[in-house]
Amino acid sequence: MQPRDLSATNPYVPGRGIEEVARDLGLESDELIKLSSNENPHGSSPKAVEAVTDRATQGLHVYPKAAHTDLTEKLAAKWNLASEQIWVSPGADGSIDYLSRAMLEPGQSVLVPDPGFAYYSMSARHHHGEVAAYDLSKADSFAQDADVVLESYDGERIVHITSPHNPTGTEWNREEITRLLEAVEDHTLVVVDEAYGEYSAEPSSIELLDAYDNLAVLRTFSKAYGLAGLRIGYCAVPTEWADAYGRVNTPFAANELACRAALAALDDNDHLEQSVETARWAREYLAENLNVPTVESAGNFVLAEVGDAEAVAEQSQREGVIIRNCTSFGLAGCVRISCGTREETKQAVETLNEILAEVAPT
Ligand SMILES: *Cc1c(COP(=O)(O)O)cnc(C)c1O
């Protein structure tokens, strides 16, 4: 017995967990600074934690029905959409799957950024789709615009764009997004991934859903709301095909605690503002103080060109600062450093600059 041919799909390589690394190094978790997975250094919204605790105490024996409906309605009101336009899912990753299910016939293709988020292509392949890529050019500071995509576009069924982009931090502006929406063929869905949207000053593409029916926008509670461990996100879609959700979603995949936490987090402006403010400070601090070239970032992380990324990431980890070697993104020579608290970020810069002075850039 063997599974189907999965050789085209590379396993997803996550940033290493803090407990794993601590165990390897013989340290306690609190002696390490984890800046490898773009997580929220302020933790979860306290209101969300309270909601989870309350709900857990009341029991978890019923399916998440009311919580899912309440969250859908609250998000619809937030974005001024109809409830059916909000597809709640286990993380934004879950929404990527729902869009693949809703759109892809076997053998149809998706167009993804390279470098880029690995799950776009994984999801397409899970759904018997093919994958093509458009290149973000390092020489052009990974700039993103319609031409960069259209150069490689060949009538694919789905085009994935990421704004702000992971791992480069570059973003799209409104004009270029509408240019892309208008340039692609009628059967092409443009998916705008706004997993880091809260950290950006650009308006959300959700506002364009009234005018375009070939657009879907991804959002998550994993980053700015600090709920990565609960797996909760959503997709906003146009009314024209919003009812497909009922046919493609995995029943009750967004769990009760996650929905309750997300509902509470939406009412926690203090936590959100603090998270965004810290990230904006930290990305500036990293760009100004790291002794290597960095890419201007609109997210909660910074891409830095360090030369021997593997050696730098390994040495940094040994010294208690976990960062992401971007070789798995196809960016040999670069590391991605998530924004920590002010204290963590300063410590990371000090550690990295010492290492960079020792490990000669290649
Ligand atoms: C983190 C991230 C996501 C979503 O993550 P979930 O935890 O599944 O919500 C989506 N896209 C990009 C580019 C990301 O970095």
Side-chain angles (χ1 to χ4, degrees), residues 12-15 17 34-41 44-45 48 71 75 86-100 110-124 126 133-134 136 142 144 158-172 190-200 202 204-206 216-236 249-250 253-255 257-259 261-262 265-266 275 279 283 295 297-303 323-324 326 328-331 334 336-339:
Y12 183 82
V13 186
K34 187 179 180 232
L35 303 178
S36 54
S37 296
N38 298 345
E39 290 152 344
N40 193 320
S44 306
S45 146
L71 178 58
L75 288 167
I86 300 289
W87 293 12
V88 168
S89 58
D93 290 354
S95 278
I96 296 172
D97 281 337
Y98 294 167
L99 291 170
S100 298
V110 306
L111 188 64
V112 305
D114 180 22
F117 190 56
Y119 200 65
Y120 307 143
S121 57
M122 290 181 80
S123 177
H126 293 159
Y134 58 93
L136 302 183
F142 305 104
Q144 301 203 88
I158 299 178
V159 172
H160 286 280
I161 70 175
T162 319
S163 188
H165 182 272
N166 177 14
T168 67
T170 59
E171 62 185 338
W172 284 71
V190 175
V191 179
V192 184
D193 183 343
E194 295 183 352
Y196 301 96
E198 290 82 4
Y199 302 106
S200 161
E202 287 290 326
S204 172
S205 289
I206 291 177
V217 184
L218 301 171
R219 285 260 166 173
T220 182
F221 288 91
S222 293
K223 310 283 162 55
Y225 292 96
L227 296 175
L230 279 174
R231 316 301 308 126
I232 186 84
Y234 60 100
C235 178
N249 86 86
T250 304
N255 74 72
L257 295 180
C259 292
L266 286 169
S275 302
R283 70 195 184 200
V295 181
S297 173
N300 66 339
F301 53 86
V302 167
L303 187 74
I323 58 173
R324 183 79 187 257
C326 287
S328 76
F329 283 98
L331 280 178
C334 294
R336 188 191 65 196
I337 306 143
S338 305
C339 295

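All ligand and atom numbering here is 1-based and tracks the order in the structure. For clarity, every value in this text was computed on a predicted model and none was experimentally measured.
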Can you tell me if S297 and Y196 form a side-chain donor-acceptor pair at under 3.5 Å? no
Is there a donor in the side chain of R231 and an acceptor in the side chain of N255, or the other way round, less than 3.5 Å apart? no
How long is the span from the [atom1] atom in [X] to the [atom2] atom in [Y], to the nearest 0.5 Å?
X    : Y    : atom1 : atom2 : result
L303 : R324 : CG    : CZ    : 11.5 Å
F117 : S123 : CZ    : OG    : 10.5 Å
D193 : N166 : CG    : CG    : 8.5 Å

Pairwise, report which nitrogen or oxygen atoms of ligand 1 are under 3.5 angstrom from protein nitrogen or oxygen atoms, and how far apart they are.
| unit_1 | atom_1 | unit_2 | atom_2 | d |
| --- | --- | --- | --- | --- |
| ligand 1 | 7 (O) | S222 | OG | 2.6 |
| ligand 1 | 7 (O) | R231 | NH1 | 2.7 |
| ligand 1 | 7 (O) | R231 | NH2 | 3.2 |
| ligand 1 | 8 (O) | A92 | N | 3.3 |
| ligand 1 | 8 (O) | D93 | N | 3.1 |
| ligand 1 | 8 (O) | D93 | OD1 | 3.2 |
| ligand 1 | 8 (O) | D93 | OD2 | 3.3 |
| ligand 1 | 8 (O) | R231 | NH2 | 2.7 |
| ligand 1 | 9 (O) | A92 | N | 2.6 |
| ligand 1 | 9 (O) | T220 | OG1 | 2.5 |
| ligand 1 | 9 (O) | S222 | OG | 3.3 |
| ligand 1 | 11 (N) | D193 | OD1 | 3.4 |
| ligand 1 | 11 (N) | D193 | OD2 | 2.5 |
| ligand 1 | 15 (O) | N166 | ND2 | 2.8 |
| ligand 1 | 15 (O) | Y196 | OH | 2.6 |
| ligand 1 | 15 (O) | K223 | NZ | 3.2 |

Taking it one step at a time, do S163 and Q144 satisfy side-chain hydrogen bond (donor to acceptor under 3.5 Å, both in side chains)? CA-CA 9 Å; S163 188; Q144 301 203 88; 5.1 Å; no
